[in-house]
Amino acid sequence: MSTTPDADEQRRIDAVTEAIRSLDVAAPPALRERVAAMADEAGTSPPPSGTALASRSPAAC
Amino acid sequence: MRSLDPQAVVRHLDRLYRAAWALCGSREDAEDLVQETIARVLARPRRLHGEEELGYLLGALRNTFLSSRRTASRRPQTVAPLEEVLAGDPRTGAQPEAAYAARELFAAIARLPEEFRLALVAVDVAGLSYREAARLLETKEATITSRLHRARARVTRELEGEKGRSRPRSESALMEER
């Protein structure tokens with residue numbers, strides 16, 4: 001089965017892609033407040049003595 | 001080499017939230033995923049080895065999503081009423097059509113097979129370059145291109161199916177394409 005879209009289908013795909021890229025949904029205010037508080041706390045709290053910086057990989061989270 | 005600025009999570013919060021919604025398919029799960037990810041990231045200092053802050057944070061989001069997916073799958077799937085979506089988002093609050101479109105798009109993306117979904121979220125939702133996405137997903141740029149092509153086509157067909165122009169493709173039909 002061919003998966004190559006014809007011109008009309010490609011135009012529809014492009015339109016949907018543009019719609020996805022244009023999504024302008026903001027985080028809810030309550031989440032924003034919680035995250036801001038967490039960031040402030042992390043920014044003012046010195047790392048525990050002797051704590052090495054974590055590995056670069058987010059997988060280490 | 002530099003450390004991750006804790007305030008980066010605030011700067012990139014909207015993109016992380018949109019990416020989480022597209023991964024999870026529900027606004028409630030997206031909030032939980034973002035908060036859990038940020039709590040893990042901020043639990044200790046983080047080093048960036050060349051990648052951008054957003055790429056690092058998306059990697060953490062993806063890993064948290066994958067590690068918690070099994071637990072989440074046991075919970076009943078909830079779909080927020082449109083009124084809640086509108087109330088929770090100050091930008092789309094006055095634009096019901098935009099909020100409806102967003103919910104439909106996120107839901108369609110969330111139904112994609114995982115490898116296609118991750119590529120589409122990285123590039124089209126979060127705005128990473130193909131190179132950054134390839135690094136994030138530990139694959140080649142050509143693979144990202146291929147997955148994006150298929151992901152966009154599937155989302156388009158899903159949305160057209162929902163609008164009744166054509167019947168949604170069966171899972172077996174979708175599997176044949178993979």
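By convention in this document, chain letters (A, B, ...) are assigned in the order of the sequence lines, proteins followed by strands, and residues within each chain are numbered from 1.
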Under 4.5 Å from a heavy atom of chain B, the part of A/R34 involved: side chain
I need the minimum non-hydrogen distance between B/P6 and A/A39, along with the two atoms involved. O-CB, 3.5 Å
Below 4.5 Å from any heavy atom of chain A, which atoms of B/L105 appear? Answer side chain, backbone, both or neither. side chain
Drop me the distance from A/R12's CZ to B/R157's CZ, to the nearest 0.5 angstrom. 9.5 Å
Taken in chain and number order and not counting sequence neighbours, the residues that satisfy salt bridge (Lys or Arg N to Asp or Glu O under 4.0 Å) with B/R11 are B/D5, B/E53
Quick one: list whatever passes side-chain contact (heavy atoms from CB on, under 4.5 Å) with B/R15, sequence neighbours left out. B/R18, B/L54
When rounded to the nearest 0.5 Å, the distance separating CG of B/D124 from CZ of A/R21 is 4.5 Å
Which region of A/A15, side chain (C-beta onward) or backbone (N, CA, C, O), has a non-hydrogen atom less than 4.5 Å from a non-hydrogen atom of chain B, or is it both or neither? neither
Residues A/A36 and B/V10: closest non-hydrogen pair is CA-CG2, 3.9 Å
Closest non-hydrogen atoms of B/Y17 and A/A26, given as atom of the first, atom of the second and distance, are CE2-O, 3.5 Å
When rounded to the nearest 0.5 angstrom, what is the spacing between CZ in B/R152 and CD in A/Q10? 9.0 Å
Begin with the C-alpha distance, continue with both residues' side-chain angles, and end with the deciding distance and a verdict on side-chain contact (heavy atoms from CB on, under 4.5 Å) for A/E9 and B/T156. CA-CA 9 Å; A/E9 183 180 7; B/T156 301; 5.7 Å; no
Residue pair A/I13 / B/H149, side-chain heavy-atom distance below 4.5 Å: no
Would a 4.5 Å heavy-atom cut-off, applied to side chains only, mark A/L31 and B/Q35 as touching? yes
A/R32/B/D14 salt bridge by N-O under 4.0 Å criterion: yes
Can you tell which part of B/L148 gets under 4.5 Å to a heavy atom of chain A, answering side chain, backbone, both or neither? neither
Can you confirm whether B/R131 is buried at CZ, in the sense that more than 12 heavy atoms of other residues, nucleotides or ligands lie under 6.0 Å from that atom? no
Tell me, for B/A39 versus chain A, whether the close heavy atoms (under 4.5 Å) come from the side chain, the backbone, both or neither. both
Which answer fits B/L120, side chain, backbone, both or neither, if we ask what part of it has an atom under 4.5 Å from a heavy atom of chain A? side chain
